[in-house]
Amino acid sequence: MINMSIPSVNEQLEVIERGTVEIVPRVELIQKLEQSYKTQTPLRVKLGCDPTRPDLHLGHSVILRKMRQFQDLGHHTILIIGDFTAMIGDPSGANKTRPALTREEVVANGKSYFEQTSKILNPDKTEIVYNSEWLSPMNFEDVIRLASHYTVARMIERDDFTRRYQNNDTISLHEFLYPLAQGQDSVHLKSDIELGGIDQKFNLLVGRHLQKEFGQSQQICLMMPLLVGTDGSQKMSKSYDNYIGIDEKPEDMYGKALSIPDDLIYPYFELVTDIAHEKLPDIRKRAVADPRNTKHELAWILTRMYHGKDKADQARTYFERTVIRKDVPDDMPEFILKTDSNHGLLDVIKKTGFVPSSNEARRLVTQGGVTLDGEKITDPRYRFDIQKDSEMILKVGKRKFGKLIFRN
RNA sequence: GGGGAGGUACCGAAGCGGUCAAACGGGGCAGACUGUAAAUCUGUUGGCUUAGCCUUCACAGGUUCGAAUCCUGUCCUCCCCA
């Protein structure tokens, strides 16, 4: 008998359904919850992740937060590091087949992933597994046997396959194996519930299908909406550069949060903040009535969640100062320069690392994106001619500041 | 296996012997503006010791005063037929 306390089914449902976009099938979820409650046996909740790019952002947090809720309800959660499936790469069209990661990379990425998820998940309640553990030993025969449980017609129903097929884009045969591999994970782990974004629906359903083929109880597919990124149009993703990373500096987090379009204020509150559920109706109203302040509140809460109250306060001050009042921040990196040589502006900008090339520096200067002590410098041939010890504030672009210190 | 069409900068896509560092759109960056790092408008978007030079149009050779553009080979993709 496991010593635990799983709350009543209704209590659980309320939490579980919060923010979900689809639960397939809801009735079976209720059945599983009832069974679990009756026997006080935790459900096995599975979430797969791709260890290729271990930089977590708020988009990931939507599902991780859901996972956390299951932990808090007393269920058993399993985080799969998809080190094996990463070799295939989820066939989303833009993805190309990825080179196999080395053992070291996998371990390093997995570790980094775990550390990052620990900001959201309860690390003590998270079972970590690597799917190479069971996928790697499978031989050709095993794969053929697995593949025989799915049909081509059903495979190309998946919308990105359909789209790519119609567009005459390449679809490598091995990409069909990705959903199967992910489904095999469910079979192997005998999962009761698999979490995923709504874009994962196909893969999650394959898991359900395979479990049935293998005579197991079928997992519930619980799907969360995709968080729209800061650009307000596409899903949050590192490759669209519209993301807010959970490791982001407080000031960046705050600023980026403020840059979202107004109509995302409410969804963000709902999906990625820890604000109490009862407060959401009020937020919904205020997001429309007073977007400015509500958005600042959102930015503050997010920053607080990942960096604490003090940092959140500082981030707010920083934003008000540098962006609203166009003032100079307190802290900025310092660069020490000799007074004897007369430095070229472009060189100095390049040395700060604010730009990737001197051409970029030249462009910024020419376009008026560079100031020294608040004064716009537009001559790319500008040279410093400093005799005495002194300091200057260099601003490059919208928000890169550096203190130039001239000294012998 | 046979026939056809292609591989161009971050992405999509023009160009088909010189005027091409390469049109146009998206994305990025910057300026103006703004409650905002939003929207909009404008500019910009290979590198460098920048009035000039260097390296790019799948890869390797070749023709030519000169090639992204022509030829040969290689690799890769798509379509039709089998």
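Please read these numbers as outputs of a predicted model, since none were measured by experiment. Hydrogens, waters and symmetry mates are skipped; everything else that's a heavy atom, side chains included, is used.
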- Query: Got a sec: does the CZ of A:Arg284 have more than 12 other heavy atoms crowding it under 6.0 Å?
  - Reply: no

- Query: Among B:G35, B:G31, B:C29, which nucleotide sits nearest the side chain of A:Asp262?
  - Reply: B:G35

- Given B:G43, B:C79, B:A37, the nucleotide with the shortest approach to the side chain of A:Gln367: B:G43

- Message: If we count only N and O atoms by modelled type, under 3.5 Å, do the side chains of A:Gln71 and A:Thr77 hold a donor and an acceptor together?
- Response: yes

- Message: If I pick the P atom on B:C57 and the same atom on B:G52, what distance separates them, to the nearest angstrom?
- Response: 24 Å

- Which of B:G47, B:A30, B:C78 is nearest the side chain of A:Arg363? It is B:G47

- Nucleotide forming a Watson-Crick or wobble pair with B:G66, both distances under 3.5 Å: none

- Message: Categorize A:Glu251 for me: base, sugar-phosphate, or nothing, with a 4.0 angstrom heavy-atom threshold over every strand shown.
- Response: base

- Query: For A:Leu189, does its backbone N or O pair with a side-chain atom of A:Arg44 as donor and acceptor, under 3.5 Å?
  - Reply: yes

- Task: Quickly work out the A:Asn242 CG to B:A39 P distance and round it to whole Å.
- Result: 12 Å

- Query: Which residue, A:Ile171 or A:Pro356, contacts RNA chain B at a nucleotide closer to its 5' end, judged by nearest heavy atom?
  - Reply: A:Pro356

- Message: Using the P atom as the point on both nucleotides, what is the distance between B:C48 and B:G35, in whole Å?
- Response: 38 Å

- Message: Regarding A:Leu364, tell me which of base, sugar-phosphate or nothing describes its non-hydrogen contacts under 4.0 Å with the strands shown.
- Response: sugar-phosphate

- Task: Report the base-pairing partner of B:A5 (Watson-Crick or G-U wobble, both distances below 3.5 angstrom), or none.
- Result: B:U77

- Message: Can you confirm whether more than 12 heavy atoms, excluding those of A:Asn139, are under 6.0 Å from its CG atom?
- Response: yes

- Query: Would you say A:Thr294's side chain and A:Arg286's backbone share a donor-acceptor pair under 3.5 angstrom?
  - Reply: yes

- Item | A:Lys376 side chain, from C-beta outward: closest of B:C48, B:U45, B:A32 | B:A32

- Query: Distance check: side-chain N/O of A:Lys350 vs OP1/OP2 of B:C48, anything under 4.0 Å?
  - Reply: yes

- Message: Quick check for you: among B:C79, B:U77, B:A37, whose closest atom lies nearest to any side-chain atom of A:Asn168?
- Response: B:C79

- Message: Classify A:Asp231 by what it touches in the nucleic acid, base, sugar-phosphate, or nothing, heavy-atom distance under 4.0 Å.
- Response: nothing

- Minimum-distance nucleotide (side-chain atoms of A:Ser357 versus B:C78, B:A30, B:C48): B:C48

- Message: With a 4.0 Å cutoff (strictly under), does any side-chain N or O of A:Ser358 reach OP1 or OP2 of B:U49?
- Response: yes

- Task: Please confirm whether the backbone N or O of A:Phe384 pairs with a side-chain atom of A:His343, one donor and one acceptor, at under 3.5 Å?
- Result: no

- Message: Can you check the distance between B:G27 and B:C16, where both ends of the measurement are the P atom (answer in whole Å)?
- Response: 28 Å

- Message: Assuming nearest nucleotide by heavy-atom distance, tell me which of A:Ile265 and A:Thr230 is located more 5' along RNA chain B.
- Response: A:Ile265

- Query: At under 4.0 Å between heavy atoms, what does A:Lys400 touch on the DNA or RNA strands: base, sugar-phosphate, or nothing?
  - Reply: nothing

- Base, sugar-phosphate, or nothing for A:Arg381, non-hydrogen atoms under 4.0 angstrom? nothing

